[in-house]
Structures are given as structure tokens and as C-alpha cells.
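For reference, the structure discussed in these notes is given below.
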Amino acid sequence: MDHPSQPSVRHFDHCPWLFADQATEEQRAAQREVQRAVGGDTGIGERCYVAESAAVFPDRLRLGDDSYIAAHAYVTGELDTGSHCTLNPFTTVRGNVVLGQGVRIGAHTSLLGFNHSMAPDRPVFRQPLTSRGIRVGDDVWIGSHVIVVDGVTIGDHCVIGAGAVVTRSLPAWSVAAGNPARVLRDRREVRGTGTAEVDPAAAVSGIRPDDGRISTTPPVPHLEPGAAAGDPEPAPHDRRAVPVAGAAGADVVAGLGAEAAASAGAEVADLSGIRPGGDRTPAARPAPDPRTATLAVFADTARSQAAGLLDRCWDGERYVDRPGAAPSVRAHCDAVEIADLLLGVAPEHLSAEEHIGRLSGLQDPKSGLVPEFGEPLPVADADGFIGEGAALYHVLCVGYALDLLGPGLPHPVRGVRDMTVRQLFARLEALPWRTGAWGAGAWVDSLATAAHWNLRHTDGSDHGHGTPETLFGWLLTRADPWTGMWGSPSAEEGRLQVVNGYYRLTRGSFAQFGLPVPYPERVVDAVLDHARDARHFGPGRENACNVLDVAHPLWLCTQQLGRGADGYRSGEIHDWAERQLTTVLPRWQDGRGFGFGPGAVGPGPEPGLQGTEMWLAIVWYLADLLGRSGELGYRPRGIHRPEPARQGIAGLS
């Protein structure tokens, strides 16, 4: 069929991917007007297209760069997309829907992120609406005539066949089809073998043989916006494939809870500074909240009250996290960190020598481990190191408290010093990356920090075992090129385990040793997507761990990608940091400091040493992301220090 030499608006409405290259200036101007006319709270990125024939009536719309809404699409409610997303002709998206990066939605498909109640006491049309929301991960292809119902999460890299009805959440890499949709196979499996296809070269494609640097931009496959995503030769269901979540899929919600969905609009990335039509000229912003303009006042207040809040947590003999809690090793270390950060001295309850003597005396000379007060020394595993418990974190907090006080740990951590390459490799392979990425990352953090302390005891040598080299070699070849991370998201928690584990892992390894992280752009994408998850960042849900575990990776990656206006997604990072500061600073309680956060996770909402130490560091990272950390007059030097504690290791620096 012949096409006119100059495509018409009708042509672009149905083939929006042609617009960026083929539109005239007059058509571009008309498209900007179409985008400006979209109602509701709207932010549209660069090189986007919204069909004139589409019915787009959102309460809130955030359309990522290079994304399209094609002819006769129907969009209402709240839609938040990453970049390179396409809603093809006659697509319906309603309710609360979040799309990741590179999502393709076929024609006539419906994503229905809301529902009607069905109580028998009144007609359906009088029933209240509910919304748990729909979440779609990165690199997802949804075929034509598919229906996705409220409460469903579709994991990264899924492909859903044409005509499917998706009523249950799908794990990452699923190929699914049918009514109701079921998992046919894992995309990574080689046909006829049931095993994952791994390209040995791709496993280390981020390492360039010439100079050992890390590639920061893995290729993003382009999926043509075809009408069907069905697999022409579906493989028999493999029993080893990860099953679809729960029999009552609509109730096993990995997406937004009903309560969180109502407030999710305030928690997604704010692109309001991007004018419709892709014009990056910032729109006029309201005057900043006065609380975010008083970082110096906040820091002065914290300094003036530091001695009092430390007094509050000194029981006359030892430090407690908060009044009424039991004394703990971590509380003593947090007190040292806070006093150093705000006062530049050791806590006044003991002399510096007494602090050093107490903390140094906690370390077992033979194993190098520090047990909790009143607990026995943990028993080492077969490879000589431990796998869990307070002593793992004590490698970090006691080591850095003693580092601030001067001498550092008096003894090496022998389980790490004596671990062979084979033992370390086996341990790394056995860590629970799929089911407990946070715990796996925390273990790596402890091991890498122990290796750092051990190098101090051996003049930079680890007795030839190659522990740091083995660790970094394993990490660099196991990082997921799509996310830059280690581990897998879950339907129940989204990316929480993966992102939090990434912070712990990179803190102790790449950040501590001053080495670049692999795939930093992909990390930023994954972390910003996670920061939009209202289950963890809805109003009143943020805790110190979750916010730190977003702030630090964003800060770490911006050191490689650039921090100015041209930095990768710098506008969104800036907006997130600004919103967090606005929320955090008013939570300081006079004379008591910060609470860790709401809920039962961690120490809870009562102000204490752990919450105060962590939030003070978080405030610094947030302020530095905004280019304003100098106003605070303090800079973390201990466990949350921004500078590397060591600049590289032999062969990797």
C-alpha cells in the first residue's frame, strides 16, 4: 500500500513512532498544543506523542521520554510510565497504573486498575470503586486484546500472548497466555532443554578487555509495536518454572494496596518541570517550602542538642538506643558516630581512651568477631565465617567507630582472612539472591568490610587468598544488565529486597573500595522505579533504611554519570531528594532526635540513636544530591562516609 510522501496527523496517530523523524515543524507545533491540552496533573517527557484522536482524561499523567499514546486510546485515572513505553491504538488504561521502562502494549488491550464492589445490598452502579493498582515492570510486551485486571503485577521482561486475561501476578521473565493467563515458560530457557540460556560472553560483557572499565549502557532491545505477543510454538509448562503467585491472584497483590493507591500520586516521580511537547524548559515552580531552605538552621539545632540526646541514651553504664531499651553494641557505635558528626569529639560520658578500650575489648582475638552484649560468640560456618546475626553488622559499626576514634579494629577477622577462593565462590553462589537479596547484600557488605580491615593488618596483602579480587570478579559477572543489581524482585515486595540489598552490597564493596559500579544508568532506572512504590514510600511509610537505600545508590551513580542539569535523569533525582528533605526535616524531635520510622521494622517510631545516626547521614546525601550539603556544616566520616575508605585493590583500581 502506498503512503503519502508527507505523513498526515492521522498517519502519526496510528504510527506514532514515526513522528520524531518525519513530522514537519507545523505538525510538531500542533502536537505540543495537543499535549498542553491534556487535562489533570500532567508531565510529558521528550520526544513523546499523544494522538489527537486519543481520549486522554487523566487525574495524573507522567509520560516518560520517547513514549506514545496512539490513536483512539482511552486513558483515565493515574498513569505513570517510564521511557520508551507505547500504548498502541484502541488501548484502554484506567485506574492506577504504573509502567516501567520499555513497555509495549498491543492494540485493543485494557489495563483496568480499578474495580467495583459487589455487595448484594445495593445495585452494582451504586457500589463504591476500589483500586489496588496495576504495576508493570521493565521490558514487557503485552499483546493485542489482552485484559489485565486490578491488583496484578507483571514482572520485568514478561511477554503476554494476544487475547490473554491476566488475573494473577506474573513473575519476571514469564511467557504467559490464555484465559486465565498461565505461565508457559521462562524466556531465559532454551527450547527443549528447560535450562536457562546463558551467553558466556554476555556474562562479562560489562568488562572491556582493553582497560577493565565497566560499560555503563547495556543495549536495550527494541520491540516493534506488533499486534500479537503470543509465542507461536508454546513450550509445555516446565515444572521448574516459577509458579504464578497464589490461587487468589487478585488478593495476592504485588501492586498498590487499596489504602496506598489513594495516595500514590504524591509518591511517583514528579516531572512537572517538563512542559508538554517535550520542551525541557522548566515550568514555573512554586516557591520552595521554607523548611527545605533552612538546612543550616536544622544542622545548628542538631548540634546544639547533640549532647542532650546522647545523655538521654546513656544509662549510666552503657548506651541504649532509646530509654527503656537494652544496652547494645550498635548503640555505643551510633553514639560515637553522632558525636563525631555533630560535635567532632568522642561522647563525653567516657574519655576517648575509655571508648577505645571498651569497643576494642569486645572483639574476640581469635575469630575477630564482636558478639552482642550477653550473647555467646557466634559459631563459624564450614568456610570459617558466619552467615547471620548481630556480629555481621558489628564488623561494620565497631570497625568504623574505632576508625573514628583512631586505632581501628585491633585484630583481623580471621574467617574472611583465611577463606579460600573456592570457599568464597561457593558461599556467594549459595546466598539467597532470589528470595532474600537484602540478606545476601548485607553478607557481602560484612565480608567486604572485613576484607578492608584485614588489609590494614597485612600491609595491603590478604595472604594470597585473593578475597577482594574474587569478590569483585563474581559481582561484576553476576550483575543483571537490565537493572545493574543482584537478585530478583518479588510479587509481594516489589524491588524492596533488591534495592536495599544493592545499597548494602555496594556500600561495602564498590563504594568502600572506590570502584565504579556496573550499569549505573540501569541502577538509576530501577531505583527511581522502586521509589515510586507506595507500599514502601506512601505517606507515613518511609523508614530510614528504605530512604537511605534509595538515596545512596542515586548519589553513588551520579558520581559516575554526572550531577548537573545534563546528568542522567537528574531532574527526577533532584525532585525526589527535594521531596524527601521536605518530609524528613520536620520529623526531628527536640532533644530526642529522629525515630527510625513507622511500623514494626527496625526500632520503630520512637526517637533513638539508630534513627538519628541514619537520618543525619540521609539528610547529608539528600542535600548533596541537591548541591546543598555545604549548608549543613557536617559530612559523614564513619559507616556512611561518601568518600572511599580505600582506593581500589591490586588489579582493580
Side-chain angles (χ1 to χ4, degrees), residues 32 34-46 48-51 54-70 73-83 85-87 91-101 103 105 110-115 128-136 148 150-153 255-279 282-286 494 528-542 569 571-576 578-580 582-583:
R32 286 194 288 272
V34 169
Q35 294 184 20
R36 289 191 180 99
V38 174
D41 176 9
T42 299
I44 299 178
E46 294 183 354
C48 289
Y49 186 88
V50 177
V56 184
F57 308 120
D59 298 319
R60 175 185 174 85
L61 173 65
R62 294 293 182 267
L63 198 62
D65 294 346
D66 301 289
S67 295
Y68 319 122
I69 299 177
Y74 179 31
V75 178
T76 67
E78 297 180 352
L79 171 62
D80 182 0
T81 86
S83 60
C85 291
T86 297
L87 277 62
T91 297
T92 296
V93 178
R94 305 191 65 195
N96 193 300
V97 177
V98 177
L99 308 180
Q101 311 286 326
V103 177
I105 301 176
S110 296
L111 275 62
L112 305 176
F114 74 103
N115 211 336
L129 296 179
T130 61
S131 178
R132 290 177 290 187
I134 293 170
R135 293 184 61 83
V136 179
V148 182
D150 189 34
V152 163
T153 287
L256 305 175
E259 177 185 346
S263 57
E267 302 308 315
V268 298
D270 182 3
L271 305 180
S272 58
I274 304 174
R275 288 180 177 170
D279 183 356
R285 289 182 178 274
L528 287 176
D529 176 72
H530 169 64
R532 297 194 295 262
D533 193 332
R535 289 171 294 178
H536 313 301
F537 294 93
R541 295 176 183 232
E542 307 95 337
R569 300 186 73 174
E572 294 165 75
I573 294 171
H574 185 284
D575 288 348
W576 181 84
E578 194 172 64
R579 286 199 306 274
Q580 290 298 322
T582 302
T583 301

Looking only at heavy atoms, which two atoms of [X] and [Y] are closest? And how far apart?
X	Y	result
R532	R135	O-NH1, 4.3 Å
T81	S67	OG1-OG, 3.8 Å
A54	A70	CB-O, 3.6 Å
S131	N96	OG-CB, 3.7 Å
I134	V148	CD1-O, 3.5 Å
G100	C85	O-SG, 3.0 Å

Rounded to the nearest 0.5 Å, what separation is found between the [atom1] atom of [X] and the [atom2] atom of [Y]?
X	Y	atom1	atom2	value
I69	Y49	CD1	OH	11.5 Å
R132	T153	CZ	OG1	10.5 Å
T42	L61	OG1	CG	5.0 Å
I44	R36	CD1	CZ	10.5 Å
D59	E78	CG	CD	6.0 Å
R569	D575	CZ	CG	11.5 Å

For [X] and [Y], indicate whether the former's side chain and the latter's backbone hold a donor-acceptor pair under 3.5 Å.
X	Y	result
R62	D41	yes
D65	G45	no
T92	Y74	no
E542	T583	no

Exercise. Sequence neighbours excluded, which residues qualify as ring-ring contact (aromatic ring centres under 6.0 Å, His included) partners of H530?
Worked result: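 Here the qualifying residues are H536, F537.
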
For this session: Begin from the C-alpha positions of L79 and L99 and carry the test side-chain contact (heavy atoms from CB on, under 4.5 Å) through to its verdict.
Result: CA-CA 8 Å; L79 171 62; L99 308 180; 4.2 Å; yes

